[in-house]
Amino acid sequence: MTKQPIKIDNDMTSKEPSSELLRFLAEFYESRNLESTAGRLGKGTATCFRLLAQARAIFDDQLFVKSGRAMMPTPKMESLIHEIQEILRKIEQLSSPTVFSRKHLTQEFRIGCIDHAVIKFVVPALSNLFQQAPNIRISIIPIHEHFKWSLEKGNIDIVIYAPPNLKLKELGKNFHFKQFYSTNHLYCVRNSHPLALKLKAGKVIKKSDLKNFRFVAVKYGYSENKITPESSGFEDGDNIAFDTPYLLTVPHVLANSDFIGRLPETSASKLIGNLPLTVLPKDLVTEQPWSPVFLWHDRTHHEPAHQWFRSVLLEAAEKTMSRPLSSA
């Protein structure tokens with residue numbers, strides 16, 4: 001006999017079965033005795049008679065028929081019992097506390113950041129993350145100017161962000177953050193660049209000398225592929241010759257052009273590698289320091305799996321920092 005889907009409705013006057021009615025039917029199926037069922041459920045016999053009458057009307061079947069001293073289920077009831085038991089099991093799961101187990105965790109964690117942040121903050125935590133929870137998945141999501149909306153809606157779980165002028169206290173009470181350190185930036189050019197040659201000749205490079213050249217800019221927190229002043233951190237307007245969402249491409253662009261690019265001081269040596277690049281004097285950089293911030297929303301703040309995930313990320317990040325600055 002084909003099973004008929006069961007809908008749950010707590011309205012006892014409804015033509016659909018309530019959770020109370022389903023529990024009654026499951027218990028009656030086990031005991032085959034109305035008085036025994038009433039005792040197990042802590043209900044009066046009259047209430048159980050009413051529930052049985054209601055069930056018979058809803059399912060248009062006797063459901064149980066008398067056989068000696070027992071009430072035996074009809075074929076219709078036999079066809080319904082497994083689905084009833086499954087529904088009750090799911091209801092119990094909804095109200096039961098979830099036991100967090102890293103070993104059995106299969107969750108996906110989505111991080112919004114640029115490529116350099118992946119290498120700087122995510123990669124150092126990978127070994128520990130997958131050792132503790134081998135079945136999780138980590139997705140890197142391109143960051144954009146609507147990162148707050150993405151955190152609120154659950155499109156991103158955590159953001160690693162570092163735009164100049166980010167006012168952390170103005171994010172709102174539903175956002176949480178941890179800020180680590182600030183690092184200055186260094187301008188870099190290829191070894192054959194006119195400024196590099198001038199530096200090697202022992203001449204002083206002035207800030208005004210930079211205006212004679214165009215820049216490479218990293219775009220993140222952008223809108224419609226246009227660099228926003230509050231997120232680029234580089235010179236704006238016509239001075240920008242090449243923009244990219246990938247910081248790792250900047251040294252390679254510089255090695256093949258006469259552009260000027262800016263790199264975080266703490267990572268400059270690793271980003272440059274063996275490329276033929278020259279670092280210009282520190283005092284040429286006037287932009288604000290780079291201050292990476294971990295951001296997340298109240299939506300995941302108290303969730304055990306996300307708490308664990310953030311703790312491992314933050315622990316790895318702190319090991320690469322000189323000292324934490326602030327948290328909220």
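Since this is a predicted model, take the numbers as computed values, not measurements.
Closest heavy-atom contact between Lys76 and Ser79: O-OG, 2.6 Å. The minimum heavy-atom distance linking Leu314 with Trp296 is given by the pair CD1-CH2, 4.5 Å. Taking each heavy atom of Asn128 and Gln132 in turn, the nearest pair found is OD1-NE2, 2.7 Å. Counting all heavy atoms, side chain and backbone alike, Leu284 lies closest to Ile205 at CD2-O, 3.5 Å. Nearest heavy atom pair, residue Leu21 against residue Ala55, reads CD1-CB, 3.8 Å. Smallest separation of non-hydrogen atoms from Val118 and Pro124: O-CD, 4.4 Å.
Here Phe147 and Tyr161 bring their ring centres to under 6.0 angstrom of each other. Aromatic rings from Phe215 and Tyr187 are positioned such that their centres are separated by under 6.0 Å. Two rings, from Phe294 and Phe121, have their centers less than 6.0 Å apart.
In this structure, the side chain of Thr37 engages the main chain of Asn33 through a donor-acceptor pair within 3.5 Å. Remark: side-chain polar atoms of Arg56 are paired, donor with acceptor, to backbone N or O of Gln62 under 3.5 angstrom. Between the side chain of Asp115 and the main chain of Leu247, a donor-acceptor pair closer than 3.5 Å is present. In this structure, the side chain of Thr74 engages the main chain of Met77 through a donor-acceptor pair within 3.5 Å. Put simply, the side chain of Ser67 never gets that close to the backbone of Ala70: no donor and acceptor are under 3.5 Å apart. Looking only at distances, a side-chain donor or acceptor of Thr249 sits under 3.5 Å from a matching main-chain atom of Tyr246. No side-chain donor-acceptor contact under 3.5 Å links Ser267 to the backbone of Pro264. Checking side-chain atoms of Arg102 against main-chain N and O of Leu129 turns up no donor-acceptor pair under 3.5 Å.
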query: Would Arg40 and Glu35 count as a salt bridge (Lys or Arg N to Asp or Glu O under 4.0 Å) if you check the C-alpha gap in whole Å, the side-chain angles of each, and the deciding distance to 0.1 Å?
result: CA-CA 9 Å; Arg40 291 186 184 186; Glu35 291 184 359; over 6 Å; no
- request: Quick one: do Asp157 and Arg299 satisfy salt bridge (Lys or Arg N to Asp or Glu O under 4.0 Å)? Show the steps, please.
  value: CA-CA 9 Å; Asp157 299 313; Arg299 180 181 58 83; 3.3 Å; yes
- prompt: Hey, mind stepping through His193 and Phe213 against ring-ring contact (aromatic ring centres under 6.0 Å, His included) and telling me if it holds?
  reply: CA-CA 10 Å; His193 193 283; Phe213 303 93; 4.5 Å; yes
- request: Apply ring-ring contact (aromatic ring centres under 6.0 Å, His included) to the pair Phe28 and Phe64, showing each step before the final yes or no.
  value: CA-CA 9 Å; Phe28 196 11; Phe64 295 91; 4.2 Å; yes
message: Determine whether Glu20 and Arg23 satisfy the following criterion, salt bridge (Lys or Arg N to Asp or Glu O under 4.0 Å), listing intermediate values before the conclusion.
response: CA-CA 5 Å; Glu20 179 190 26; Arg23 289 191 180 93; over 6 Å; no
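The shortest distance between side-chain heavy atoms of Arg190 and Ser257 does not fall below 4.5 Å. Between Thr278 and Leu195, every side-chain heavy-atom pair lies at or beyond the 4.5 Å cut-off. Taking 4.5 Å as the limit, every side-chain heavy atom of Asp243 sits out of range of all side-chain heavy atoms of Val218. At least one side-chain heavy atom of Trp308 sits under 4.5 Å from a side-chain heavy atom of Ile136. Using a 4.5 Å cut-off on side-chain heavy atoms (C-beta onward), Asn184 and Val285 make no contact. Using a 4.5 Å cut-off on side-chain heavy atoms (C-beta onward), Val216 and Leu254 make contact. In this structure, the side chains of Ile143 and Ile114 come closer than 4.5 Å at one or more pairs of heavy atoms. Side chains of Asn191 and Lys200 form a contact here, defined as non-hydrogen atoms less than 4.5 Å apart.
In this structure, His176 and His301 have parallel ring planes: the angle between them is below the 30° cut-off, well short of the 60° mark.
The number of heavy atoms from other shown groups lying within 6.0 Å of NZ (Lys198) is above 12. Other residues, nucleotides and ligands place no more than 12 heavy atoms under 6.0 Å from the CZ atom of Phe49. Residue-environment remark: CZ (Arg89) exceeds the threshold of 12 foreign heavy atoms within 6.0 Å.
Remark: the Tyr29 side chain and the Glu78 side chain contain an N/O donor-acceptor pair separated by less than 3.5 Å.
Annotation: the span from Ser19 atom OG to Phe24 atom CZ amounts to 14.0 Å, rounded to 0.5 Å. Atom NE2 of His297 is separated from atom CD1 of Ile156 by 13.0 Å, given to the nearest 0.5 angstrom. Taking CD1 from Ile58 and CG from Leu51, the interatomic distance works out to 9.5 Å, rounded to the nearest 0.5 Å. Taken to the nearest 0.5 Å, the OG atom of Ser208 stands 8.0 Å off from the CG atom of Leu210. Interatomic distance, Ser192 OG to Leu197 CG, rounded to the nearest 0.5 Å: 6.5 Å. Taken to the nearest 0.5 Å, the CG atom of Asn135 stands 14.0 Å off from the CD atom of Glu108.
Transitive grouping of hydrophobic side chains (ILVMFWY, heavy atoms separated by less than 4.5 Å) keeps Val293 and Trp149 in distinct clusters. Transitive grouping of hydrophobic side chains (ILVMFWY, heavy atoms separated by less than 4.5 Å) brings Ile111 and Leu126 into a common cluster.
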